[in-house]
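The analysis underlying the following values was restricted to heavy atoms, covering all of them including side chains, and did not include hydrogens, waters or symmetry mates. This one's a predicted model, so the numbers in the text were calculated from it and none came from an experiment.
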Amino acid sequence: YESLGILGQHAYTVMEVREAARGAQRLVRLRNPWGSWQEWRGAWSKGSMELARLSASRRAEMATTEGEWWMAYSDFLRVFTSLSLCHPLTDGSIGVLQGEWDGTEIGLLDNPQYLVKVTRAGLLRAALSQRGRRQLRDDLGAGNTDLPIRLILLKRRRRRPGDQRPSVSTPGQMVAESLGVAGRIVTLRAWVETGNYILLPSVQRGASVAYCLRLVVQGGAARVSQHK
């Protein structure tokens, strides 16, 4: 779709969704973070016949700034392959954790592990992002240089009489996991009751890259610490 102004391997911001008129076609307002350098030139773009058919007052309502435009929802679905949602968090914040995979992770449990102690039940949300690899992509001329990453949440098994300290090799039962994709970020969410959990950020075997892990328990309370 570059002939219509949309660049591949480029992120755009969804600003608004509305109908052109009551009961009419649904439209999406988008923004190019690079400004007016390149904009959509298809249906409902600036100067299009679709906009010209609207009343002057309606066009004034739908006026856009430089680097913004309207697009039919049907075109939006055809042009774009993925959509990332941001969840504004106003309570229960635990924080941001930085780490790095050093390339020695052979099995799943060789990955870093974080102990999450939930003291009040709530909705756990976690986001794992890997360090940007745009420079590597540009140097190699490759399409996607992101590594496959995944997040896994385990319920730590309770200690029984006579047990030693629980081993990191047997942390407990699977609670939830994210998709494993070669993308910049993956997310996970699960309802967690009080107790101890293990959160594992996982990467492709043998890879070395820094990561950032964001974690919150909405409506609840928890503490997090490095477990391994």
Side-chain angles (χ1 to χ4, degrees), residues 1-54 58-89 123 125-151 176-190 201-204 207 209 211-214 216:
Y1 293 93
E2 290 194 10
S3 62
L4 291 174
I6 300 299
L7 299 173
Q9 298 293 321
H10 183 52
Y12 296 85
T13 306
V14 176
M15 306 296 293
E16 183 182 356
V17 178
R18 69 158 66 178
E19 293 178 343
R22 180 172 295 180
Q25 187 174 24
R26 185 183 300 175
L27 304 176
V28 181
R29 182 162 63 98
L30 295 167
R31 177 179 179 272
N32 183 350
W34 289 357
S36 60
W37 178 70
Q38 189 139 336
E39 296 186 11
W40 170 247
R41 295 189 292 272
W44 293 99
S45 61
K46 291 172 182 172
S48 65
M49 293 184 297
E50 291 81 7
L51 282 176
R53 294 191 185 106
L54 300 178
R58 189 61 171 168
R59 286 199 304 272
E61 281 182 28
M62 297 178 62
T64 56
T65 60
E66 287 189 342
E68 289 187 349
W69 63 86
W70 291 99
M71 172 187 282
Y73 182 65
S74 55
D75 283 334
F76 176 80
L77 295 179
R78 280 193 292 268
V79 170
F80 295 99
T81 57
S82 62
L83 178 67
S84 298
L85 301 178
C86 297
H87 300 276
L89 301 176
L123 180 63
R125 293 182 184 270
L128 172 66
S129 57
Q130 59 183 300
R131 176 177 291 171
R133 297 163 64 84
R134 174 174 290 182
Q135 185 63 49
L136 178 60
R137 184 191 71 190
D138 295 343
D139 291 345
L140 297 179
N144 182 15
T145 55
D146 289 329
L147 298 168
I149 57 175
R150 184 169 54 142
L151 261 179
E177 63 178 323
S178 72
L179 292 174
V181 296
R184 182 71 181 275
I185 186 170
V186 295
T187 60
L188 173 152
R189 68 175 185 174
S202 171
V203 72
Q204 172 183 289
V209 64
Y211 65 82
C212 178
L213 179 61
R214 294 175 173 86
V216 66

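Counting heavy atoms from C-beta on, the side chains of L213 and L151 come closer than 4.5 Å. By the 4.5 Å heavy-atom criterion applied to side chains, L51 and W44 are counted as neighbours. Side-chain contact check for R18 versus M62: some heavy-atom pair is nearer than 4.5 Å. Looking at heavy atoms from C-beta onward, R26 lies in side-chain contact with V17 at the 4.5 angstrom threshold.
Legend: residues meeting salt bridge (charged side-chain N to carboxylate O under 4.0 Å, His left out) with R189, ordered by chain and number and at least two apart, are absent. Remark: R41 engages no residue in a side chain to side chain donor-acceptor pair (under 3.5 Å) (not counting sequence neighbours). Annotation: side chain to side chain donor-acceptor pair (under 3.5 Å) contacts of S48 (sequence neighbours excluded): E50. For R59, the salt bridge (charged side-chain N to carboxylate O under 4.0 Å, His left out) test picks out no residue, with sequence neighbours left out.
In this structure, A127 and T187 approach most closely via the heavy-atom pair CB-CG2, 4.1 Å.
Summarising the geometry, atom CG belonging to D146 is positioned 11.0 Å from atom CD1 belonging to I185; distances are rounded to the nearest 0.5 Å. For the atom pair M15 CE and W69 CH2, the distance stands at 11.0 Å (nearest 0.5 Å). Taken to the nearest 0.5 Å, the CZ atom of R29 stands 4.5 Å off from the CD atom of E68. A distance of 4.0 Å separates CG of N32 from NE2 of H10, quoted to the nearest 0.5 Å. How far NZ of K46 is from OG1 of T64: 4.0 Å, rounded to the nearest 0.5 Å. To the nearest 0.5 Å, atom CG of residue L7 and atom OH of residue Y12 are 4.0 Å apart.
At least one donor-acceptor pair under 3.5 Å links the side chain of E39 to the backbone N or O of G67.
The neighbour count for R214 CZ, taken as heavy atoms of other residues, nucleotides or ligands under 6.0 Å away, does not exceed 12. Within a 6.0 Å radius of CG in L179, other residues, nucleotides and ligands contribute 12 heavy atoms or fewer.
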Tell me which donor-acceptor pairs under 3.5 Å the side chains of residues 79-86 have, and how far apart each pair is, sequence neighbours excluded?
none

- [ ] Give the intermediate values and the outcome of side-chain contact (heavy atoms from CB on, under 4.5 Å) for residues Q130 and L147.
- [x] CA-CA 8 Å; Q130 59 183 300; L147 298 168; 3.5 Å; yes
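Applying the salt bridge (charged side-chain N to carboxylate O under 4.0 Å, His left out) test to residues at least two apart or on different chains, the pairs with a partner in residues 77-87 are D75-R78.
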